[in-house]
There are 2 protein chains.
Amino acid sequence: MTEFKLNATAASLLGFLHDGPMTGWDLVTIAQERIGDFWSLSQSQVYRELSSMSVAGLIKAGERGPRDRRPFTITDVGRAAFAEWLNRETGEETIRFPLLLIVLFGQHVPKQRLAEVIIEHRERHARQLADYEKSLEDMVALEHIPTSQPDPYAMATLRFGVKYEQAVLDWFDELPEVIRGR
Amino acid sequence: MTEFKLNATAASLLGFLHDGPMTGWDLVTIAQERIGDFWSLSQSQVYRELSSMSVAGLIKAGERGPRDRRPFTITDVGRAAFAEWLNRETGEETIRFPLLLIVLFGQHVPKQRLAEVIIEHRERHARQLADYEKSLEDMVALEHIPTSQPDPYAMATLRFGVKYEQAVLDWFDELPEVIRGR
DNA sequence: TGGTACATGTAACATGTTACATGATTAG
DNA sequence: CTAATCATGTAACATGTTACATGTACCA
């Protein structure tokens, strides 16, 4: 068994492929929707990972369909690699927050500019929170429809988004006057 | 004026160089301390950025001292580039949180493993929160010593850390039983 | 005098970003 | 018929990670 060392991005693609064959396009779309908020990935990365996983036998390309659509199917090797990844991965999160750099170097930033940047970011986060809350409500609403039930795992990641955005907004609102101006 | 397009990492180094000449080693150390929690960077990156900024004339290498220490000084061009960066940069944060991937794919993760991973991460975050709170207390304590006063900008980034960790812990504690086990 | 921390740097590789090239299908 | 969307892929480059090679100065 030649161990193919999965990265988190490739692993996620395998995760999605557990639900059935998908094309690169499908995967880009679905990944951006379902993990894009806490694991960014781009279209070209997806195609790159697909081609290397295909070479390694973790997935198998099917016949090309209309518009050259090419569905990939996960193989047993792929399923094993995914399981192995789930079992091994324990990495910490990476946060890279340019705004905090601007704040840290605040003494070099014109007061006006600093205040504007803060306001702009605060608005972004308020919008993001609203989006998350909306999605969460929609999901919770599913509970009350007999045949459907929400995915508790997806719900947990959404709740993370809500908590995170709330914390960020809180932080904005408690910034001292020197920083947020006014 | 040939515009040298700074990235956030290089810009941060310039930011630190505003306080006086420093060597690569100094910069690695100081950067990890002061921005490492929200902007990771490695030793080899620092040397790489220094050498390209040196070529571009944003910084100037001084004489080698003991142990081959080579201090870099920011130039006027560098100061301008830094100011320009502060004025241009408005990027959003990137969060890459492997744990959330594991949670999202929870249906494929053995219950036991999922619960363990959650516990482990919760502990990490509890520790991190404690660290942040300690540093914050130390900083606040400075306020009561006549001659010294804490840097409000550094304090704000620390407060962000505290808020963030509190939110994460909160999230852990509200996870449903299906996910956190027990 | 020997280990640890200091200090510089490179090499090799993995990952991430941006832009482009090409074409098919569908909806208006 | 034509614009938008779907769909695949590559190229070029920027950034990030890990490991190694080399040597110095300090201090116990």
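Computed from a predicted structure; not experimentally measured. Proteins come first, then strands; the chains are lettered A, B, ... in the order of their sequence lines, and each starts at number 1.
- Atom pair D68(B):CG and dG9(C):C1' shows a separation of 10 Å (rounding to whole Å applied).
- Candidate nucleotides dA7(D), dT8(D), dT25(C) were compared by shortest atom distance to the side chain of R70(A), and dT8(D) ranks first.
- Atom-to-atom, CD of E49(B) to P of dC13(D) comes out at 17 Å; the value is rounded to the nearest Å.
- Grouping Ile, Leu, Val, Met, Phe, Trp and Tyr by side-chain contacts under 4.5 Å, direct or through others, puts I145(B) with L142(B).
- Residues meeting the side-chain contact (heavy atoms from CB on, under 4.5 Å) test with A126(A), sequence neighbours left out: R122(A), L169(A).
- The salt bridge (charged side-chain N to carboxylate O under 4.0 Å, His left out) analysis of residues 103-121 of chain A, with sequence neighbours excluded, yields the pairs E120(A)-R124(A).
- Two residues, T9(A) and P66(A), neighbour DNA chain C, and the one matched to the more 5' nucleotide by heavy-atom proximity is T9(A).
- Think of V55(A) as one node in a network of Ile, Leu, Val, Met, Phe, Trp and Tyr side chains linked at under 4.5 Å; it has no links at all.
- If you look at H121(A) and F172(A), their ring centroids are not closer than 6.0 Å.
- Separation of the Y132(A) and Y164(A) ring centroids does not fall under the 6.0 Å cut-off.
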Measure all distances between protein nitrogen or oxygen atoms and nitrogen or oxygen atoms of nucleotides 17-23 of chain C, and list the pairs falling under 3.5 Å.
from, atom 1, to, atom 2, distance (Å)
dT18(C), O4, S44(A), OG, 2.8

Just the table, please: protein N/O against nucleotides 1-3 of chain D N/O, every pair under 3.5 Å.
none

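- Contact check of residues 16-33 of chain B against DNA chain D (heavy atom, cut-off under 4.0 Å) returns no residues at all.
- Distances shorter than 4.0 Å separate none of the side-chain N or O atoms of Y47(A) from OP1 or OP2 on dG9(D).
- Partners of E123(A) under the salt bridge (charged side-chain N to carboxylate O under 4.0 Å, His left out) rule, at least two apart in sequence or in another chain, do not exist in this structure.
- By the salt bridge (charged side-chain N to carboxylate O under 4.0 Å, His left out) test, E133(B) pairs with no residue at all, sequence neighbours left out.
- Counting only residues at least two apart or in different chains, side chain to side chain donor-acceptor pair (under 3.5 Å) contacts with residues 51-75 of chain B comprise D26(B)-R69(B).
- Residue pairs satisfying the side chain to side chain donor-acceptor pair (under 3.5 Å) criterion with at least one member in residues 136-149 of chain A, sequence neighbours excluded, are listed as follows: K134(A)-D138(A).
- For residues 30-56 of chain A, no pair satisfies salt bridge (charged side-chain N to carboxylate O under 4.0 Å, His left out), with sequence neighbours left out.
- If you measure from atom CG of L6(B) to atom C1' of dT15(D), you get 14 Å, rounded to the nearest angstrom.
- Under 4.0 angstrom from either OP1 or OP2 of dG23(D) there lies no side-chain N or O belonging to R69(B).
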